[in-house]
Engineer: 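Sharing a structure with you now.
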Amino acid sequence: MASIKREQILESIEFCEKNGYFEKLNDIYSTLPKGECAGCGNCCMESVGINLIEFLNIYRYLAEKQELRESSIERIVDYYFMELMKKNSCPFRDENNRCLIYEVRPLNCRLFGHWKKEDYNANLSRVIEQNMNYKKDMKNLYGVDISDEVLNFSIKYCETFKPEKNYLSKKERLNFEDEIMNLDARILGSELIDIPYKDRGIVEYFIESMLYSDFAYKVKIRITKEKNMNVINKIKRILLAK
């Protein structure tokens, strides 16, 4: 059983296609500023936050590419269930630091590098503080120790990316986010997909589309405590057999 039902995903994709929402999403992407990226892949190291329509767009993209979809599922499972023990790269980054879903990569990936340095570092400081609080909560609630590799990891400000014009202010970045959230509101307003609104990363969206979220989280805690990789392999076999 999955938290985000497959039937609802497919119905929502059909709804978006009928109403031209994927085209509207691409129109928003097309207005984003350009820049010169070195292709180092250093930024591709997390479950980047995405919107619902972006998840649907990526889901639709993978549905037409069976081999990529299956290999992505394996990496998504590894990322999610090993998240507290080991720092894996984004499941959609290949061994050559290329994005496997580049055509449909989400807004946050497209905007990375366009931040002003002071804004980025201020946000990074907040993330580090949140991680420290999360470590304490996990220890108190579940007796789980998050590995130092995971706890101390952070994606540093990119000094090599060069925007075509100017770096973006926080207001400018949020304007793009608001445009995409408006599309999310229309999808949720259709009542075709029944999910609670919350911030989700790309990995979390896909995990919830395959497994019940509470169950998946409990299994993650168990795997972290027991360091039992066999459970992860079993989950992969079950999901790939569907």
Side-chain angles (χ1 to χ4, degrees), residues 9 13 16 22-23 25-83 85-115 117 120 123-124 127 149-150 152-165 167-168 173 176-177 180 199-210 232-233 235-236 239-240:
I9 293 172
I13 288 173
C16 289
F22 293 126
E23 286 80 2
L25 176 64
N26 287 328
D27 287 343
I28 295 170
Y29 286 158
S30 70
T31 66
L32 297 176
K34 304 292 189 283
E36 185 179 338
C37 174
C40 65
N42 290 338
C43 60
C44 306
M45 289 297 297
E46 65 181 11
S47 173
V48 64
I50 64 173
N51 290 84
L52 172 59
I53 190 166
E54 294 184 303
F55 163 67
L56 296 174
N57 195 35
I58 296 167
Y59 190 99
R60 181 178 70 152
Y61 181 82
L62 292 176
E64 299 172 355
K65 297 172 172 57
Q66 181 177 349
E67 185 176 342
L68 175 57
R69 180 181 61 81
E70 291 179 355
S71 62
S72 296
I73 287 173
E74 293 197 53
R75 290 190 296 270
I76 286 167
V77 169
D78 282 338
Y79 186 102
Y80 181 81
F81 288 103
M82 298 175 68
E83 189 174 13
M85 299 182 291
K86 179 184 177 183
K87 188 56 190 173
N88 287 317
S89 65
C90 170
F92 299 105
R93 189 188 85 169
D94 72 9
E95 63 278 4
N96 296 312
N97 297 328
R98 295 175 302 187
C99 178
L100 295 167
I101 56 168
Y102 189 80
E103 295 174 48
V104 291
R105 69 197 186 283
L107 176 69
N108 277 327
C109 297
R110 295 169 190 261
L111 284 181
F112 188 86
H114 290 283
W115 289 56
K117 188 172 185 178
Y120 187 87
N123 183 69
L124 183 58
V127 170
E149 177 191 2
V150 172
N152 298 325
F153 180 84
S154 60
I155 300 175
K156 305 301 182 185
Y157 181 77
C158 184
E159 301 282 359
T160 59
F161 182 89
K162 303 300 178 187
E164 188 175 69
K165 294 182 180 178
Y167 290 100
L168 296 176
R173 298 194 314 273
F176 291 118
E177 176 70 20
I180 295 180
D199 290 335
R200 291 177 178 85
I202 191 169
V203 166
E204 289 72 31
Y205 259 113
F206 275 95
I207 286 294
E208 289 190 38
S209 74
M210 296 183 288
I232 298 177
N233 292 329
I235 292 171
K236 288 181 188 177
L239 293 177
L240 290 171

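This one's a predicted model, so the numbers in the text were calculated from it and none came from an experiment. The first residue in the sequence is number 1, and the count goes up from there. Every heavy atom of this structure was used, including side-chain atoms; hydrogens, water molecules and symmetry mates were not.
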Engineer: Does the side chain to side chain contact (heavy atoms under 4.5 Å, CB included) test come out yes or no for F161 and H114, once each step is laid out?
Structural biologist: CA-CA 8 Å; F161 182 89; H114 290 283; 3.5 Å; yes
Engineer: Just jot down the side-chain contact (heavy atoms from CB on, under 4.5 Å) partners of N97, sequence neighbours excluded, or say none.
Structural biologist: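 Testing N97 for side-chain contact (heavy atoms from CB on, under 4.5 Å), a comparison that skips the adjacent residues, returns R93.
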Engineer: By side-chain contact (heavy atoms from CB on, under 4.5 Å), which residues pair with E208, not counting sequence neighbours?
Structural biologist: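 For E208, the residues satisfying side-chain contact (heavy atoms from CB on, under 4.5 Å) (neighbours in sequence not counted) are S3, I4, K198, R200, S213.
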Engineer: Is there a donor-acceptor pair under 3.5 Å between the side chain of R110 and the backbone N or O of L107?
Structural biologist: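 No: the side chain of R110 does not pair with the backbone of L107.
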Engineer: Who pairs with D94 by salt bridge (charged side-chain N to carboxylate O under 4.0 Å, His left out), at least two apart in sequence or on another chain?
Structural biologist: R98
Engineer: Apply side chain to side chain contact (heavy atoms under 4.5 Å, CB included) to K87 and Y79, showing your working.
Structural biologist: CA-CA 8 Å; K87 188 56 190 173; Y79 186 102; 3.4 Å; yes
Engineer: Side-chain donor-acceptor contacts of residues 40-47 below 3.5 Å, not counting sequence neighbours, with atom names and distances?
Structural biologist:
unit_1 : atom_1 : unit_2 : atom_2 : d
S47    : OG     : I202   : N      : 3.2
S47    : OG     : V203   : N      : 2.9
S47    : OG     : E204   : OE1    : 2.8

Engineer: So which heavy atom on I58 is nearest to which on V104, and how close?
Structural biologist: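 Here I58 and V104 meet closest at CG1-O, 3.5 Å.
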Engineer: Show the nearest heavy-atom pair for residues L111 and F176, with the distance to one decimal.
Structural biologist: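 In terms of heavy atoms, the two residues are closest at CD2-CD1, 4.3 Å.
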Engineer: Going by side chain to side chain donor-acceptor pair (under 3.5 Å), name the residues that satisfy it together with N26, two or more places apart in sequence or in a different chain.
Structural biologist: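 Per chain and number, N26 pairs via side chain to side chain donor-acceptor pair (under 3.5 Å) with no residue.
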Engineer: Grab the two heavy atoms, one from F81 and one from I207, that are nearest each other, plus how far apart they are.
Structural biologist: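 Shortest heavy-atom contact: CE1-CD1, 4.4 Å.
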Engineer: According to side-chain contact (heavy atoms from CB on, under 4.5 Å), who are the partners of D199, at least two apart in sequence or on a separate chain?
Structural biologist: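 Here the qualifying residues are Y197.
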Engineer: Are the ring centres of F112 and Y120 closer than 6.0 Å?
Structural biologist: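 Judged by ring-centre distance (under 6.0 Å), F112 and Y120 do meet the cut-off.
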Engineer: For the atom pair CZ (F55) and CZ (F206), what is the distance rounded to the nearest 0.5 Å?
Structural biologist: 5.0 Å
Engineer: Taking the six-membered ring for Trp, are Y157 and Y167 parallel (under 30°), tilted (30 to 60°) or perpendicular (over 60°)?
Structural biologist: tilted
Engineer: Please list, chain by chain and in numerical order, all residues satisfying side-chain contact (heavy atoms from CB on, under 4.5 Å) with E103, sequence neighbours excluded.
Structural biologist: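 Per chain and number, E103 pairs via side-chain contact (heavy atoms from CB on, under 4.5 Å) with Y61.
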Engineer: Does anything in residues 47-74 pair up under salt bridge (Lys or Arg N to Asp or Glu O under 4.0 Å), and if so which pairs, sequence neighbours excluded?
Structural biologist: E17-R60
Engineer: Sub-3.5 Å donor-acceptor pair from the side chain of R75 to the main-chain atoms of F92, do we have one?
Structural biologist: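 Pair absent, no side-chain N/O of R75 close to backbone of F92.
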Engineer: Who passes side chain to side chain donor-acceptor pair (under 3.5 Å) against N108, sequence neighbours left out?
Structural biologist: none
Engineer: Got a second to check how far I180's CD1 is from I28's CD1, nearest 0.5 Å?
Structural biologist: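 Those atoms lie 5.0 Å apart.
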Engineer: Name all residues meeting the salt bridge (charged side-chain N to carboxylate O under 4.0 Å, His left out) criterion together with K117; count only those two or more places apart in sequence or in a different chain, and write none if there are none.
Structural biologist: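 Partners of K117 by the salt bridge (charged side-chain N to carboxylate O under 4.0 Å, His left out) criterion, ordered by chain and then number, come out as E159.
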Engineer: Can you list the residues that meet the side chain to side chain donor-acceptor pair (under 3.5 Å) rule with R173, with sequence neighbours excluded?
Structural biologist: none
Engineer: Residues in side chain to side chain donor-acceptor pair (under 3.5 Å) with K165, at least two apart?
Structural biologist: none
Engineer: As an exercise, state the distance from CD of E164 to NZ of K34, rounded to the nearest 0.5 Å.
Structural biologist: 7.5 Å
Engineer: How many angstroms lie between atom CD1 of I73 and atom OG of S209, to the nearest 0.5 angstrom?
Structural biologist: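 It comes to 8.0 Å.
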Engineer: Output the distance between atom CD1 (I235) and atom CG (D78), rounded to the nearest 0.5 Å.
Structural biologist: 10.0 Å
Engineer: Of all heavy-atom pairs between F22 and I13, which one has the smallest distance, and what is that distance?
Structural biologist: CE1-O, 3.7 Å
